[in-house]
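Here is the structure we will look at, set down as structure tokens.
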Amino acid sequence: MLGITGYGVYLLMAILMNLTPGTDTMYIISRSISQGRKAGVYSVLGISTGSFIHTLLAAFGLSIILTKSIVLFTAIKIIGAAYLIYLGIKMLFQKSSLNFEPSALQHLELRKIYMQGVITNVTNPKVALFFISFLPQFIVTDNPYGPIPFIILGISFIITGTLWCLIVAYFASFATKKLRENTKIADLLNKLTGIIFIGLGIKLFQTKAAQ
């Protein structure tokens, strides 16, 4: 099918990988717990957009440059880690006055959360390495369709991942809705989210390029 082999196996593996908690899942859960359902949903959409960008980069071969250049890999890693740590520090000092649902998160704030999700995903070199190492295993060696199979596989992965992450966001926000209605607990959730973001940034900083 359009240069793709073993699509059923790929889809199963994609679902299993999406079900496995990772940096994106922790990011979404943290947002959903501290800022509610809308923040979680917009974080999911931002991360999915970032994954689509990685898909296009892999499809057109640009991500391969990342694996060949230690300098570029390190630069992107530092930017991504610094950004997560920045968000974490910001959350540590942010008051909970903007964190109540349903009307507290305005359009501008939601757009900011969406863009933060995009940036967090795009500046994670581990995601790029995943796409260029996993997708080619399900593409025929004499593929005559150019970037098309990469895009199909990437979109399939993104769709399954988005659906799962939306479920996670809804569940996390619903389970903690009552907690966010308490100002002191909401502030505590903000700080906990900030700590998690800082931890994710440190973990990303420790990532090593594939040998």
Side-chain angles (χ1 to χ4, degrees), residues 11-55 80 83-92 94-124 126-127 130-131 154-183 185-201 203-204:
L11 205 56
L12 177 60
M13 292 184 66
I15 292 172
L16 292 174
M17 288 182 179
N18 281 315
L19 292 177
T20 303
T23 301
D24 289 344
T25 305
M26 291 300 299
Y27 180 87
I28 292 164
I29 291 175
S30 300
R31 280 290 191 190
S32 301
I33 288 176
S34 66
Q35 293 180 291
R37 175 175 55 84
K38 284 188 177 181
V41 169
Y42 273 76
S43 294
V44 172
L45 297 177
I47 286 172
S48 296
T49 301
S51 294
F52 183 67
I53 293 172
H54 279 295
T55 297
Y83 187 69
L84 277 171
I85 293 173
Y86 160 75
L87 291 180
I89 294 174
K90 189 176 179 181
M91 291 292 287
L92 283 176
Q94 180 176 307
K95 297 296 181 182
S96 63
S97 58
L98 291 177
N99 293 338
F100 298 109
E101 292 196 281
S103 60
L105 286 173
Q106 302 301 322
H107 178 72
L108 185 61
E109 181 73 11
L110 290 172
R111 187 170 64 178
K112 184 192 298 184
I113 290 172
Y114 167 78
M115 287 306 303
Q116 288 173 346
V118 174
I119 295 171
T120 298
N121 188 272
V122 169
T123 56
N124 187 344
K126 291 172 65 177
V127 180
F130 165 78
F131 274 98
I155 290 177
S156 299
F157 184 85
I158 292 167
I159 289 174
T160 57
T162 300
L163 292 175
W164 170 245
C165 287
L166 286 174
I167 293 173
V168 170
Y170 270 82
F171 179 79
S173 62
F174 176 78
T176 55
K177 184 176 181 180
K178 290 296 183 181
L179 295 178
R180 288 193 306 277
E181 292 175 355
N182 183 303
T183 305
I185 295 180
D187 283 333
L188 182 62
L189 290 175
N190 256 1
K191 290 177 171 53
L192 178 61
T193 300
I195 293 172
I196 292 174
F197 282 5
I198 292 172
L200 293 175
K203 183 179 179 181
L204 177 59

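What's counted below: heavy atoms across the whole structure, side chains too, no hydrogens, waters or symmetry copies.
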Between [X] and [Y], what is the shortest heavy-atom contact and its length?
X      : Y      : result
Gly50  : Val122 : CA-CG2, 3.7 Å
Ser173 : Gly36  : CB-C, 3.7 Å
Leu110 : Ala39  : CD2-N, 4.2 Å
Ala172 : Ser32  : CB-CB, 3.8 Å
Ser48  : Thr162 : OG-OG1, 2.6 Å
Gly80  : Thr123 : CA-OG1, 3.3 Å

So how far is it from [X] [atom1] to [Y] [atom2], rounded to the nearest 0.5 Å?
X      : Y      : atom1 : atom2 : answer
Leu87  : Ile113 : CG    : CD1   : 10.5 Å
Ile158 : Ile53  : CD1   : CD1   : 9.5 Å
Cys165 : Asn18  : SG    : CG    : 6.5 Å
Ile196 : Leu84  : CD1   : CG    : 12.0 Å
Arg31  : Ile47  : CZ    : CD1   : 9.5 Å
Trp164 : Thr25  : CH2   : OG1   : 8.5 Å

**Prompt:** Step by step, would you call Phe197 with Ile89 a side-chain contact (heavy atoms from CB on, under 4.5 Å)?
**Reply:** CA-CA 8 Å; Phe197 282 5; Ile89 294 174; over 6 Å; no
**Prompt:** Would a distance-only check, ignoring hydrogens and angles, find a side-chain to backbone donor-acceptor pair under 3.5 Å from Asn121 to Gly117?
**Reply:**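 Looks like no, no N/O pair under 3.5 Å.
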**Prompt:** Would you find a donor on one side and an acceptor on the other, under 3.5 Å apart, between the side chain of His54 and the backbone of Phe130?
**Reply:** no
**Prompt:** Do other residues, nucleotides or ligands put more than 12 heavy atoms under 6.0 Å from Phe52 CZ?
**Reply:** no
**Item:** Intermediate values then yes/no, side-chain contact (heavy atoms from CB on, under 4.5 Å), Gln116 and Tyr83
**Value:** CA-CA 9 Å; Gln116 288 173 346; Tyr83 187 69; 3.0 Å; yes
**Asked** Passes side-chain contact (heavy atoms from CB on, under 4.5 Å), Phe157 versus Met17? Steps please.
**Response** CA-CA 9 Å; Phe157 184 85; Met17 288 182 179; 4.3 Å; yes
**Request:** Would you check, one step at a time, whether the test side-chain contact (heavy atoms from CB on, under 4.5 Å) holds for Leu192 with Ile33?
**Result:** CA-CA 10 Å; Leu192 178 61; Ile33 288 176; 5.8 Å; no
